[in-house]
Each structure stands twice: as structure tokens, then as C-alpha cells.
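We count residues from 1, following the sequence as given. Remember, it's 1-based here, ligands and their atoms both numbered in the order they're listed.
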Amino acid sequence: MKDEKTVLITGGSSGIGYAISTYFAKAGFRILWVSKPEEELQQARQDLLQLLPSVDLHTFAQDLSLEGSTQATYEWAKQFGTIDVLINNAGFGTHGFLQETPIEKELNMVRLNVLALYQLTRLFLDDMLAQDTGTIINISSNSSFQPVARMITYASTKAFVTHFSRGLQEELDLQGSKVRVLTVCPSAIVDTPFSKDMRDVKTFNGLVYTTTAEVAKDVWQAFQNQKTFLVTGKRMRFFYSIRRLVPYALQQYLTRKETERIPS
Ligand SMILES: NC(=O)c1ccc[n+]([C@@H]2O[C@H](COP(=O)([O-])OP(=O)(O)OC[C@H]3O[C@@H](n4cnc5c(N)ncnc54)[C@H](OP(=O)(O)O)[C@@H]3O)[C@@H](O)[C@H]2O)c1
């Protein structure tokens, strides 16, 4: 039996991917990071090694929105043996009415948030099924619960992530598999580069925002407790629990308000 477990985290060098990495590193997992710019990976690597000098950390610079990058990631990861946990975290969002958003950026977002997550899940799932063990953690969003004006493409990519991931867990249950999928739905996180163009959007200043520390703690606890669905942050969990009592039109009104920019 091998003693060191391995977690592969896409987008692990920044934001919640980095914060989640610290929990896995402290628990003795070997960490594999796949993110875009080499410099950011190396800087984040130095930071984590400074915090936890004994961590076994490896990096692979890949633009996961490009054709062939997920296969390359899978082949690179195989040198480390079994991947016990795959965390599909890399993702980004756009803001604005559809016709105002750059189409190439939106297409890249769909390629990353949807296609790369789908392909990595397929690639690593086969190995996990063969060994009847392993966990896939897919980072979705609270925007996956309903259409979100001014973020419709982003919210739609996350609707795919939530339905695909929860559906896969249901299929695994039907087959009696021990492989697990944890779907994570964070609300607006105020302290990551993701929100740097959206600091004045109400949701990053409102009732249900959260932080990387809160998300990472919740994810680690959910992983340890073998949960399959997680809405992160106490306030967002409360609103999620009562949303069925709220008429759809009111839900949409409140959601529309959340994505307005605060006038300067
Ligand atoms: N922040 C929020 O409010 C929020 C709320 C709910 C859900 N989420 C989700 O949480 C996840 C992490 O977001 P975050 O807030 O932690 O943002 P972040 O700090 O910007 O982290 C995203 C990571 O993904 C990487 N990445 C982006 N494009 C990539 C590509 N084409 N190929 C490979 N890696 C790429 C980024 O690398 P680069 O530095 O190269 O961009 C970065 O390491 C995302 O899936 C996001 O949708 C975020």
C-alpha cells in the first residue's frame, strides 16, 4: 500500500485553489498544480514551501482551454502514480450584457469551465473506477442555481458543472461505486484575482460574500466527511436553504440586483 496520497488541483497556484492546497499539504498529500503562467506557479510554489517546507509539490504550466492540454495533464500526472483526488478548480468569469462581452474570452471561458472540467473528469474517472476509490471535487458556483443577468454565460458554465457533477455522483451511487464527487458552490469570494474587475459589483460587497479561508475550510471539512454537495459560507447556506420558499420572480429580481455595479 502506498502511503503518500496525491491531489491534483487545477488553478492551485491562486485564490481558493491555493487555500485548499494548504489543507491537503498539511495532511501530507503530495500536491500537483496545473495552472497557466509558469511564473505564477513558481511564485506560489515558493510561498507554499515557505509555509510548509516539507510539502511534496509539483507544477505543470498548461493553458487548459487549449486542445490537447487535458490529455497532456493526464499523461504528466501519471508519473506520480494514482491520483487520489482531482480538484477541477481553474475557471474564470465575465461580467456585462452578452453583446458587451468579448466573444473570444467567453469561448475560452466555456472551454475552460466546461470542456476542460469534463475532459479531466473523464480521464481520471476511469482510473478511479478501476480501483473503486478516489474523489473528484468540482468547483462550481452559487451562480449555477439560476440564470444570472450580466453573467449569463458564466452562470451557464457553472450550471453545467453543478448538474454534471451531482448527476455523476448519482450514477456512481446507482452502480454502488466508492468513487465520490463533491460539488462545491461558493458565493462571491472577495479576496481572489477572479473578482479584480468586479470589485464594484454589488455581490462582492453584499450579504452573501465569502473568503478563500472560509471556502477552503468548508471544502476540507466536506471532503473529510465524504459529503457530495457543499454551498460554502454560512450566509449563502442560509439563503440556499430557504430559496424554495421564495417565488422565482423575486429570486431573479434579487439576483439581478446582485450583479449591478455600484455607482461611483
Ligand atoms: N471568486 C469568486 O467569486 C468565485 C465564486 C464562485 C466560484 N468561483 C470559482 O472558483 C474557482 C477558482 O476561482 P478563484 O476565485 O480562486 O480565482 P483565481 O484566483 O483567479 O484562480 C483561478 C485559477 O485558475 C487558473 N486558470 C485560469 N485560466 C486558466 C487556463 N486557461 N488554464 C489553466 N489555468 C487557468 C488561474 O491561473 P491564472 O493566474 O493564469 O489566471 C488561477 O490559478 C473558479 O472555478 C471560479 O469560477 C469563484
(request) Could you check atom 27 (C) of ligand 1 against the protein and tell me its nearest heavy-atom contact, residue, atom and distance included? (result) Leu112 CD2, 3.9 Å
(message) In the structure I gave you, are the side-chain heavy atoms of Asn142 and Tyr240 within less than 4.5 Å of one another anywhere?
(response) no
(request) Kindly say whether Thr259 contributes a backbone atom to a donor-acceptor pair with the side chain of His95 at under 3.5 angstrom? (result) yes
(request) Could you list which atoms of ligand 1 come closer than 4.0 Å to a heavy atom of Ser13? (result) 43 (O)
(message) Does the protein place a non-hydrogen atom closer than 4.0 angstrom to atom 44 (C) of ligand 1?
(response) yes
(request) Report the nearest protein non-hydrogen atom to atom 42 (C) of ligand 1: residue, atom name, distance rounded to 0.1 Å. (result) Ser14 CB, 3.7 Å
(request) Going by heavy-atom distance to atom 22 (C) of ligand 1, choose the closest among Gly91, Ser143, Gly17. (result) Gly91
(request) Closest by any non-hydrogen atom to atom 16 (O) of ligand 1: pick that one out of Asp63, Thr210, Ile16, Thr10. (result) Ile16
(message) Please list the nearest protein heavy atom to atom 5 (C) of ligand 1 with its residue and the distance rounded to 0.1 Å.
(response) Ser187 O, 3.3 Å
(request) Identify, for atom 17 (O) of ligand 1, the protein heavy atom at the shortest distance, and state residue, atom and that distance. (result) Phe194 CB, 3.3 Å
(request) Give the residue and atom name of whichever protein heavy atom lies nearest to atom 7 (C) of ligand 1, and the separation in Å to one decimal. (result) Ser140 O, 3.2 Å
(message) Could you identify the single nearest non-hydrogen protein atom to atom 39 (O) of ligand 1 and state the distance to 0.1 Å?
(response) Glu40 OE1, 2.5 Å
(message) Does this structure show an ion pair linking Glu260 with Lys257, if we count only N-O contacts that are shorter than 4.0 Å?
(response) yes
(request) Output yes when a side-chain donor or acceptor of Asn89 lies under 3.5 Å from a complementary backbone atom of Gly11, and no otherwise. (result) yes
(request) Name the option, out of Thr157, Val215, Ile139, that contains the heavy atom nearest to atom 10 (O) of ligand 1. (result) Ile139
(request) Establish, yes or no, whether a centroid distance under 6.0 Å links the rings of Phe145 and Phe239. (result) no
(request) Identify, by atom number and element, the atoms of ligand 1 in contact range of Lys36, meaning under 4.0 Å from any of its heavy atoms. (result) 28 (N), 29 (C), 30 (C), 31 (N), 33 (C), 34 (N), 40 (O)
(message) Tell me the protein heavy atom at minimum distance from atom 14 (P) of ligand 1, and give that distance in Å.
(response) Thr192 OG1, 3.6 Å
(message) Could you check whether Arg235 makes a cation-pi contact with Tyr209, meaning its NZ or CZ is under 6.0 Å from the centre of the six-membered ring and within 45° of the ring axis?
(response) yes
(message) Between the side chains of Glu104 and Arg111, is the shortest nitrogen-to-carboxylate-oxygen separation below 4.0 Å, so that they form an ion pair?
(response) yes
(message) Strictly distance-based, threshold 3.5 Å: is any side-chain N or O of Thr10 a donor or acceptor partner for the main-chain N or O of Ala90?
(response) yes
(request) Could you tell me whether ligand 1 has any atom less than 4.0 Å away from a heavy atom of Ser35? (result) yes
(request) Please determine, by modelled atom types, if Thr228 and Gln169 share a side-chain donor-acceptor pair under 3.5 angstrom. (result) no
(message) Nearest non-hydrogen contact with atom 32 (N) of ligand 1 belongs to which option: Leu41, Leu64, Asn113, Val34?
(response) Leu64
(message) Under a plain distance cut-off of 3.5 Å, with no hydrogens placed, do Asp127 and Tyr74 share a side-chain donor-acceptor pair?
(response) yes
(request) Ignoring angles and geometry beyond distance, decide whether Asn142 reaches within less than 3.5 Å of ligand 1 through its nitrogen or oxygen atoms. (result) no
(message) Is it the case that the side chains of Gln42 and Thr59 hold a donor-acceptor pair, with the cut-off being a distance below 3.5 Å and no angle test?
(response) yes
(request) Check Lys158 against ligand 1 and report side chain, backbone, both or neither, counting heavy atoms closer than 4.0 Å. (result) side chain
(message) Please list, in number order, the atoms of ligand 1 under 4.0 Å from a heavy atom of Ala188.
(response) 3 (O)
(message) Is it the case that ligand 1 has an N or O less than 3.5 angstrom from some N or O of Ser141?
(response) no
(message) Students should be able to answer this: which protein heavy-atom is nearest to atom 23 (C) of ligand 1, and at what distance?
(response) Gly11 CA, 3.5 Å
